[in-house]
Amino acid sequence: TWTFSTLLHAYSRGGNMQRALEIFNDMEAIGVVPNVICFTTMMSACQRGGQWQQAVLLFQKMEAAGIEVDVVAYNAVISAYAKGKKWEKAWAAFTSMRQAGIQPNTVSYNALISACERCGEVERALEVFQSMRREAPRTFGYVDPSIVTFNTLISACGKAGMLDQALSLRDQMISWNKTPDVFTMAGLLKACERAGKWEKAVEIFEAFEKQGMKPNLVVYNSFINALGTGEQWEQAFGVYRTMKEKKDVRPDVITYGSLMYICDRSNNWQLALDLDKEMQAAGVKPNSYVFISLLNACERGQQWVRALEVYRAIQDQPEAGQ
RNA sequence: AAGCCUAUAAGGAU
């Protein structure tokens, strides 16, 4: 059983859900009975493969098989519902965990907060956080908010454009001795973007760097988006240039998608075509986000011939036609 | 600890 769960975990981490499923099925054929750990590992593999419903089915199968379901397994099913944006289901799973006499831990709360976050239910997420804080003193650290708790809440506020609330959570986080990280950064930048405060994004980004923290790819991309939404076209491209100079970050297809969208909105088809060349030179494969903004930029600039050329290039790039 | 939790882009449809 130990051998199988280790194998499953390896394939799960490698993103090979198919292979993990085969192994899981082989177990039963060989007569090895999967335990809770094998089941939760398999659930995790399904989630990585975007198959959250499969993960839920596995959980139900496990219960039906009379296997003792533990906290980690419950956490995995809450997380599966979070991935599927089913916060009510996640909530129900959290409740039934208690009814089964299992004490939720920090990860259980985080998974539930994440479900609310994905559904845009900020108030609900904050409510869950309140109960977490109420329960924390009685549980000897078992449900203490973690850095993930704060980051998830900040992200929820960010999506809703609740900048002040997001900043207040960052301060609370620091008072709990959690150091803001790149996830925190991305959430705060999103909050600035949604609140229409690009200046604040600049301020936060600079303060972050001044404290010796290294922005990663997602942080740079979020920063570009905050500037783009604020119509700070030049600055956004300035960030892109900075990225190219860094050794540890490389613009990706999301970076180019965001920048291409900026070209479109700023009515700059020439820049869009230049950017397209740069992207090719950088070896980044365009996707439909990039192509659509590029086509829109050509359309806006009434560059019909160029648009047709781009269109032909798409035909040669079949995997981008999602 | 063999398993669980967090962040980034466009148009269309819903």
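The structure presented is a predicted model; accordingly, all values stated were derived computationally and were not measured. Numbers restart at 1 for each chain; the letters A, B, ... are given by sequence-line order, proteins then strands.
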Nucleotide of rG11(B), rG3(B), rC4(B) approaching Asn296(A) most closely (side-chain heavy atoms): rG11(B)
Side chain of Ala186(A) (C-beta onward), nearest among rA7(B), rA9(B), rA2(B): rA7(B)
Nearest-Å distance for atom pair CD/C1', residues Gln47(A) and rG3(B): 12 Å
Nearest-Å distance for atom pair CZ/C1', residues Phe183(A) and rU8(B): 11 Å
Sugar-phosphate only, base, or nothing, as touched by Val182(A) at under 4.0 Å among non-hydrogen atoms: base
Tyr261(A) OH to rU8(B) P, straight-line distance once rounded to whole Å: 17 Å
Arg19(A) with Glu22(A): basic N within carboxylate O range, under 4.0 Å: yes
Test: Asp248(A) and Lys214(A) ion pair at under 4.0 Å: no
Sugar-phosphate only, base, or nothing, as touched by Val219(A) at under 4.0 Å among non-hydrogen atoms: nothing
Nucleotide nearest Ala76(A) when distance is taken to its side chain, options rG3(B), rA10(B), rC4(B): rC4(B)
Aromatic centroids of Phe150(A) and Phe129(A) separated by under 6.0 Å: yes
N/O donor-acceptor pair, side chain Asn216(A) with base rA7(B), under 3.5 angstrom: yes
Over all atoms of both residues, closest heavy-atom pair of Met279(A) and Pro286(A): CE-CB, 3.6 Å
Touch class at under 4.0 angstrom, heavy-atom based, for Lys83(A) against every strand present: sugar-phosphate
Value in whole Å for how far the P atom of rU8(B) lies from CG of Asp181(A): 14 Å
Polar side-chain contact Tyr289(A)-rA10(B) base: donor and acceptor under 3.5 Å: yes
Sugar-phosphate only, base, or nothing, as touched by Val253(A) at under 4.0 Å among non-hydrogen atoms: base
Minimum-distance nucleotide (side-chain atoms of Ser79(A) versus rG3(B), rC4(B), rA9(B)): rC4(B)
Between rC5(B) (C1') and Tyr74(A) (OH): distance, integer Å: 18 Å
Phosphate OP1/OP2 of rU6(B) contacted by Arg118(A) side-chain N/O (<4.0 Å): yes
Test: Glu278(A) and Lys244(A) ion pair at under 4.0 Å: yes
Nearest-nucleotide pick for Asn151(A), side chain only, options being rU6(B), rC4(B), rU8(B): rU6(B)
Residue-phosphate contact under 4.0 Å: Tyr256(A) side-chain N/O, rA10(B) OP1/OP2: no
Sugar-phosphate, base or nothing in reach of Ala111(A), heavy atoms under 4.0 Å: sugar-phosphate
Length of the line joining His9(A):NE2 and rC4(B):P, which is rounded to integer Å: 5 Å
Whether Trp2(A) stacks on the six-membered ring of rA2(B) base, 5.5 Å and 30° limits: no
Ring pair (Phe, Tyr, Trp, His ring centres under 6.0 Å), paired with Phe59(A), selected from Phe39(A), Tyr81(A), Tyr74(A): Tyr74(A)
Atom-pair distance (CG on Leu112(A); P on rU6(B)), nearest Å: 13 Å
Side chain Ser5(A) and base rA2(B) donor-acceptor under 3.5 Å: yes
Whole-Å distance separating the CZ atom of Arg170(A) from the P atom of rU6(B): 23 Å
Sugar-phosphate, base or nothing in reach of Asn105(A), heavy atoms under 4.0 Å: nothing
side-chain N/O Lys190(A) vs rA9(B) OP1/OP2, d < 4.0 Å: yes
Polar side-chain contact Asn287(A)-rA9(B) base: donor and acceptor under 3.5 Å: yes
Asn35(A) (side chain) and rG3(B) (base): donor-acceptor pair under 3.5 Å: no
Aromatic contact, Phe24(A) with Phe4(A) (centres under 6.0 Å): no
Which nucleotide in rA2(B), rU8(B), rC4(B) has an atom nearest any side-chain atom of Ile37(A): rA2(B)
Heavy-atom donor-acceptor pair, Thr40(A) side-chain to rG3(B) base, under 3.5 Å: yes
